[in-house]
2 protein chains.
Amino acid sequence: MARAGLTVERLVEAAAELADEAGFDRLSVSALARRFGVKDASLYSHVRNLQDLRTRLALYAGGELIDRIAAAVAGRAGKEALTAFAGAYRDYALEHPGRYAATQIRIDQALIADSPALRRTAEITYGMLRGYGLTEPDLTDAVRLLRSTFHGYCVLESAGGFGADRDVRASWDKAVDALHLALTHWPREGKSDD
Amino acid sequence: MARAGLTVERLVEAAAELADEAGFDRLSVSALARRFGVKDASLYSHVRNLQDLRTRLALYAGGELIDRIAAAVAGRAGKEALTAFAGAYRDYALEHPGRYAATQIRIDQALIADSPALRRTAEITYGMLRGYGLTEPDLTDAVRLLRSTFHGYCVLESAGGFGADRDVRASWDKAVDALHLALTHWPREGKSDD
DNA sequence: ACCGCTTTCCTAGATGCCCTAGGCTGTAAC
DNA sequence: GTTACAGCCTAGGGCATCTAGGAAAGCGGT
């Protein structure tokens, strides 16, 4: 019986394709095994269980995402960097909805600690925001604002949550503009704006 | 054999509790039946299938959420209204993670059209933003920005995505401040900020 | 070429969930 | 009391996760 030549890496890559095609919630061990022409029980030599598979995919996709962002941001600063960051983020989320959805799942804190991808993400984001002259704790607040907005936007958009008859790309650009404005005039204590 | 007295309403309420306790993804027909001491097949007289149950829960939770927001926003305007809106939104999401997760699912467009809750949400949001003097298409852009940020923030927070040692509530207030600033100085064409 | 070891893949089977078809029994209306 | 319906049942098919244990392919060393 000819072997399929399974490895963890090939499994994760195939899982990424499957998730993008069918949706992350329809990523199953059986479906993945079917794709390799193999019984589902065979996958359990390479992957502990479904959750393990999902976690691996999440880390894999997180790495891909930050690679794209890093490439887009490289050599830029200020608003250019922010726009490039936002563009790379949204493009990835729309191109690879399944992979992107995978990055949202809750991951064991122990795995997060020694994942280089997540640390790079933090470094790049904080680095970009330091260009706006922010210091702690405003820096962390701003990072959370950016992450939330980008993430929320992509989730809502790819879920079809934006029904109004207005180009989503144009809205996105405006949102990035607005964030840039908020970052440059970041509200500090004692400065009222009412 | 004593009857459990099932109705669609009781099922949806129990589903809401179950989702909050165990997580929306673990809401199942079997688990719900078990909670009523009844066989799972019995539920199918009241609910078409699992997706139907999820959809009903989504609309139910969406109604609860907008009720809270409406009560918080009532009689307020400007930054006060925005803060109240944001507070009610986040409180609900954190108090009822399962219900809130339910509001995120994709719903049949036909059902959306005749759902009063979703229309009220749009009305209240647009109404609040008109106070900032925004007109279309900036109005829609701003609505999308707010929804995305609020949603993204709640998802990330309740997923434990904010690891840094900084009070999340304080960060949230800062984010709302920043959004208020962005809304009051909304970037319009021809006004560069670099 | 042969042997043994590890890895890869298999079959068999337990368990759980979704859902349908069809049957029995409270309850309420006549 | 009879009838009709609504509420709950059993039985069963389909598909998913996951475990246990077995066979064989491919690797090394001799």
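Remember, predicted model here, so these are calculated numbers, not experimental data.
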Contacts of B/Asn49 that satisfy side chain to side chain donor-acceptor pair (under 3.5 Å) - sequence neighbours left out | none

Between the protein and nucleotides 10-13 of chain D, list the N/O to N/O atom pairs that are separated by less than 3.5 angstrom.
none

Minimum heavy-atom distance between B/Leu27 and B/Leu50, given as atom pair plus value | O-CD1, 3.8 Å

Tightest non-hydrogen contact, residues A/Ser148 and B/Thr149, listed as CB-O, 3.8 Å

Should A/Ser30 be listed as having a side-chain N or O under 4.0 Å from OP1 or OP2 of D/dT17?
-> yes

Do the side-chain N or O atoms of B/Arg34 get closer than 4.0 angstrom to the phosphate oxygens (OP1, OP2) of C/dC17?
-> yes

Residues in contact with DNA chain C, drawn from residues 9-22 of chain A - heavy-atom cutoff 4.0 Å = none

Partners passing salt bridge (charged side-chain N to carboxylate O under 4.0 Å, His left out) against B/Asp20 (at least two apart in sequence or in another chain) = B/Arg99

Are side-chain N/O atoms of B/Thr140 and A/Arg166 paired as donor and acceptor at under 3.5 Å?
-> no

B/Arg147 side chain to A/Gly161 backbone, donor-acceptor under 3.5 Å | yes

Would you indicate what B/Arg26 reaches in the nucleic acid, counting non-hydrogen atoms under 4.0 angstrom: base, sugar-phosphate, or nothing?
-> nothing

At under 4.0 Å between heavy atoms, what does A/Ser45 touch on the DNA or RNA strands: base, sugar-phosphate, or nothing?
-> base

Pairs in or reaching into residues 153-164 of chain B: which pass side-chain hydrogen bond (donor to acceptor under 3.5 Å, both in side chains), with residues at least two apart or in two chains?
-> B/Arg90-B/Glu157

Side chain of A/His46 - closest among C/dC18, C/dT8, D/dC18 = C/dT8

Determine which pairs satisfy ring pair (Phe, Tyr, Trp, His ring centres under 6.0 Å) with at least one residue from residues 94-147 of chain A, sequence neighbours left out, and list them in order.
-> A/Tyr89-A/Tyr100, A/Tyr92-A/His96, A/Tyr100-A/His151, A/Tyr132-A/His180

